[in-house]
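First up is the structure itself, then whatever we jot down about it.
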Amino acid sequence: MSAFLQYLISGVATGCGFALLASGLVAIHRVTRVVNFAQGMFAVVGGMAAGSLLASGLPHGAAEAAAVAVAGAAGLAVGAAATGKRGTSPQSALIVTLGVGFLAYAVEIMIWGDNPRSHAGLGGAATVFGAHVQKQSFLVIGVAAAVFALLALFFGRTYTGKALSACASNPYAARTLGIDPLRMGLIAFALGGMLGGLAGVLLTPLQPISYNSDVLLITNGFAAAVLGGLNRPVVALAGALTLGVAEAMVAGYGEASYQTVVALALMLAIMMVRASRRTALQEEAAR
């Protein structure tokens, strides 16, 4: 029972990191209709930047906040490259984000090398009903819960949040109200970068990352986002938690190497189900 509880809590913590990545994907896609394949890169940049800033003597809190800001700036740069030119189609922007993700490999290796890196998080472990769980896992869960609460307030109470929602609902109507969808798209990319960077900052003390960790991260984040159709953050959150727990159980009771297979299988199954439903609806409409 203690082992199960340990895997459960660590899985929820990992799922919260995936949820932050997925929420960044959803925010960008809703506003710009672009699937950002560079989302995992933001987590790598955030995690590695936090480690470098801590190593330079910056205290905890300030180092992590600065790393998230660096990831947000990276998100803004990716957004400018992908959607900065008016008239760029979502398909063309998708290819740009994919290219930026590959380019980031070279930059990350030049700055941080190609060896896995980590940094100290919240030290120690807590005992919960006999299960020894890292305190960092509880920190990840708590911070993620606070961030999602703040996101709800941001989109529901602030002008910028409402403008982003308006562009997501109807960019043409938003433009007639004086809202610039291009500028909102850049803000969405910056927000996605910050959410991805926060995921990297929180997860790196639990699992070391390297320049190519973005593949695993984007696979899991994309699988969770696809569950919500890339448009529903709450469903993406549920999908990310389910995915995190499933992977933790697979690693705990089976083989850790099968974790990626779980995410890929889930993503493919969801896409197949959605495709079959779409085909069925089209056939009914044609009758």
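Only heavy atoms go into these numbers, but all of them, side chains included; no hydrogens, no water, no symmetry mates. The structure displayed is predicted, hence computed values, not measured ones.
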Same cluster (ILVMFWY, side-chain, under 4.5 Å), L8 and L241: yes
message: Do F4 and I9 land in one hydrophobic cluster if side-chain heavy atoms of ILVMFWY residues count as linked below 4.5 Å?
response: yes
- line: Exactly one candidate in L195, D214, N36, L20 meets side chain to side chain contact (heavy atoms under 4.5 Å, CB included) with F42; the answer is N36
query: Is there a donor-acceptor contact under 3.5 Å from the side chain of R117 to the main chain of G51?
result: no
query: Once you round to the nearest 0.5 Å, how far does OH of Y172 lie from OG1 of T176?
result: 12.5 Å
message: By the definition side chain to side chain contact (heavy atoms under 4.5 Å, CB included), identify the one residue from V68, L21, V140, L203 that meets it with L198.
response: V68
- prompt: Going only through I, L, V, M, F, W and Y residues with side-chain contacts under 4.5 Å, is there a path from V26 to V34?
  reply: no
message: So, taking the atom named CG in N212 and the one named CZ in F102, what distance separates them when rounded to the nearest 0.5 Å?
response: 11.5 Å
message: Strictly distance-based, threshold 3.5 Å: is any side-chain N or O of Q136 a donor or acceptor partner for the main-chain N or O of L122?
response: yes
task: Mind checking the CG-CZ spacing from L164 to R183? Nearest 0.5 Å is all I need.
output: 9.5 Å
message: Looking at S169 and A166, would you say the former's side chain and the latter's main chain have a donor-acceptor pair under 3.5 Å?
response: no
field: Side chain proximity check, S213 to Q207, heavy atoms < 4.5 angstrom
entry: no
- request: Might you point out which heavy atoms bring L54 and A63 nearest each other, and give the distance in Å?
  value: CD2-CB, 3.6 Å
- prompt: Hey, does F154 have a side-chain heavy atom less than 4.5 Å from the side chain of L150?
  reply: no
- prompt: How close do R175 and P181 get, heavy atom to heavy atom, and via which atoms?
  reply: NH2-CG, 3.6 Å
- request: Give the intermediate values and the outcome of side chain to side chain contact (heavy atoms under 4.5 Å, CB included) for residues V107 and V45.
  value: CA-CA 10 Å; V107 176; V45 169; over 6 Å; no
Atom of R33, atom of A168 and distance for their closest heavy-atom approach: NH2-O, 2.9 Å
- request: Find the distance between CG (L94) and OG (S89) and round it off to the nearest 0.5 Å.
  value: 9.5 Å
- request: Please say which of L186, L151, I28, L76 ends up in a side chain to side chain contact (heavy atoms under 4.5 Å, CB included) with L191.
  value: L151
message: T14 vs F18, test: side chain to side chain contact (heavy atoms under 4.5 Å, CB included). Steps then yes/no.
response: CA-CA 6 Å; T14 303; F18 296 159; 3.4 Å; yes
- request: Enter the distance from H29:NE2 to Q39:CD here, rounded to the nearest 0.5 Å.
  value: 13.0 Å
query: What's the shortest heavy-atom distance between T158 and G161, and which atoms?
result: OG1-N, 3.1 Å
message: Run the side chain to side chain contact (heavy atoms under 4.5 Å, CB included) test on T88 and T83 for me, step by step, so that the C-alpha distance in whole Å, both residues' side-chain angles and the decisive distance to 0.1 Å come before the verdict.
response: CA-CA 6 Å; T88 303; T83 64; 5.7 Å; no
- prompt: Would you say V201 and L53 are hydrophobically clustered, going by side-chain heavy atoms of ILVMFWY under 4.5 Å?
  reply: no
query: What are the two closest heavy atoms between A236 and A225, and how far apart are they?
result: CB-CA, 4.1 Å
- prompt: Which word best sums up how the rings of F37 and F222 line up, parallel for under 30°, tilted for 30 to 60°, or perpendicular for over 60°?
  reply: tilted
- prompt: Are M48 and I111 close enough, and set up right, to give a side chain to side chain contact (heavy atoms under 4.5 Å, CB included), and what steps lead you there?
  reply: CA-CA 9 Å; M48 293 212 174; I111 298 175; over 6 Å; no
- prompt: Same hydrophobic cluster for L202 and L206, using side-chain heavy-atom links shorter than 4.5 Å among ILVMFWY?
  reply: yes
message: For a quick test of reading the model, state the closest non-hydrogen atom pair linking T204 to I209 and the distance between them.
response: OG1-CD1, 3.5 Å
query: Would you call V31 and F189 a side-chain contact if the rule is heavy atoms closer than 4.5 Å?
result: no
